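Some notes on the structure that comes next.
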Amino acid sequence: MTTVDLAAWPTTEAAALAEQHRLRPLVEPHGPAPAPGALVAGVDVAYDDERDVVAAAAVLLDLDTLEVVEQATAVGRIAFPYLPGLLAFRELPAVIDALSRLTRRPDLVVCDGYGLAHPRRLGLASHLGVLTGLATMGVAKTPFTFSSTDPGPERGAWTPLVDAGDGSEVGRALRTRAGVKPVFVSVGHRIGLSEAVSAVLALTPKYRLPETTRQADSLCRRALGEAVRG
DNA sequence: GCGACAG
DNA sequence: ATCTTGTCGC
């Protein structure tokens with residue numbers, strides 16, 4: 001996989017919006033769920049804004065066992081400020097760097113955040129998919145600007161996640177643990193919504209968040225700590 | 001115009 | 001995201 005050319009990465013809001021407009025038609029919102037034995041990657045990023053340091057992690061899990069089979073990290077400078085709707089420009093350079101250090105190609109990448117559930121239908125997960133060609137999806141912890149009713153209390157229950165602007169279903173609120181707050185699932189690239197939901201259920205036998213997300217979260221925090229301290 | 005707003 | 005104490009429960 002190729003890495004990001006930071007010299008060509010957008011630095012202004014206008015340039016970022018233009019880039020989203022360019023990439024948006026390239027999203028493929030359909031595709032199969034990962035097959036048994038698939039390698040599913042989790043990616044996440046941690047920041048030290050004071051020192052302008054970002055650390056990303058990519059962790060590869062065996063979908064059958066949920067065991068970590070490979071992991072990689074990347075450390076760099078923060079490439080873009082946090083602006084709602086433009087999160088990809090802040091997170092992706094480091095994420096793609098970490099993914100490029102894996103020796104095996106993931107069958108699916110699970111992101112922290114959204115894919116098509118985005119004001120311009122190009123959230124972090126979809127953006128990553130288009131840039132890399134990988135199948136991607138997003139699992140977010142909060143509903144962003146979208147709305148949904150509360151799913152039933154049992155694991156597996158879901159309700160549509162709707163964009164009030166046009167009334168379209170942009171994702172699903174999914175209960176991954178009985179009686180616990182739902183997560184918000186959306187398509188990234190080369191996977192369908194029902195398939196993305198089934199992948200999340202396969203990754204959440206025990207906790208609210210996918211095992212991929214949990215592993216990537218702890219690894220990027222460790223990497224940031226080592227980069228900043230020792 | 002103002003607030004809200006993935007991480 | 002990050003800053004942060006205690007607390008309830010398996």
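Naming: A, B, ... by sequence-line order, numbering from 1 per chain. Computed from a predicted structure; not experimentally measured.
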Given Watson-Crick and G-U pairs under 3.5 Å, DNA chain B in dot-bracket ([ ] crossing, | other strand) is .......
Nucleotide by nucleotide, nucleotides 5-10 of chain C touches protein heavy atoms under 4.0 Å in the pattern (B base, S sugar-phosphate only, - none) ------
Within the 4.0 Å limit for protein heavy atoms, which parts of nucleotides 2-7 of chain B are touched? Write it as a string from 5' to 3', B for base, S for sugar-phosphate only, - for none.
---BBB
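- Proximity of a side-chain donor or acceptor of A:R190 to a complementary backbone N or O of A:T136 within less than 3.5 Å is not detected.
- Two rings, from A:F89 and A:W9, have their centers less than 6.0 Å apart.
- Side-chain contact between A:D112 and A:V139 is absent, with no heavy atoms from C-beta onward closer than 4.5 Å.
- Within residues 187-201 of chain A, no residue approaches DNA chain B, by heavy-atom distance under 4.0 Å.
- The side-chain hydrogen bond (donor to acceptor under 3.5 Å, both in side chains) test with A:S218 is passed by exactly one of A:R222, A:R214, A:R221: A:R222.
- Between A:H189 and A:L134 the shortest side-chain heavy-atom distance does not fall below 4.5 Å.
- For residues 17-64 of chain A, no pair satisfies ring-ring contact (aromatic ring centres under 6.0 Å, His included), with sequence neighbours left out.
- Summarising the geometry of A:A117 relative to A:F144, their closest heavy-atom pair is O-CD2, 4.3 Å, with the distance given to 0.1 Å.
- Residues A:E19 and A:L23 have side chains in contact (heavy-atom distance under 4.5 Å, counting atoms from C-beta outward).
- Residue A:E154 qualifies as enclosed at atom CD: its count of foreign heavy atoms under 6.0 Å is above 12.
- Using a 4.0 Å cut-off between charged nitrogen and carboxylate oxygen, A:D49 and A:R90 count as a salt-bridge pair.
- No donor-acceptor pair under 3.5 Å is formed between the side chain of A:T204 and the backbone N or O of A:Y207.
- The closest donor-acceptor contact from the side chain of A:R104 to the backbone of A:V69 lies under 3.5 Å.
- No donor-acceptor distance shorter than 3.5 angstrom exists from the side chain of A:R229 to the backbone of A:L224, with no hydrogens or angles considered.
- Consecutive Watson-Crick or G-U pairing (both distances under 3.5 Å) never extends over three or more pairs in DNA chain C.
- Checked by atom type and distance alone, the side chain of A:E70 pairs as donor or acceptor with a backbone atom of A:T103 at under 3.5 Å.
- A donor-acceptor pair shorter than 3.5 Å cannot be found between the side chains of A:T132 and A:R105.
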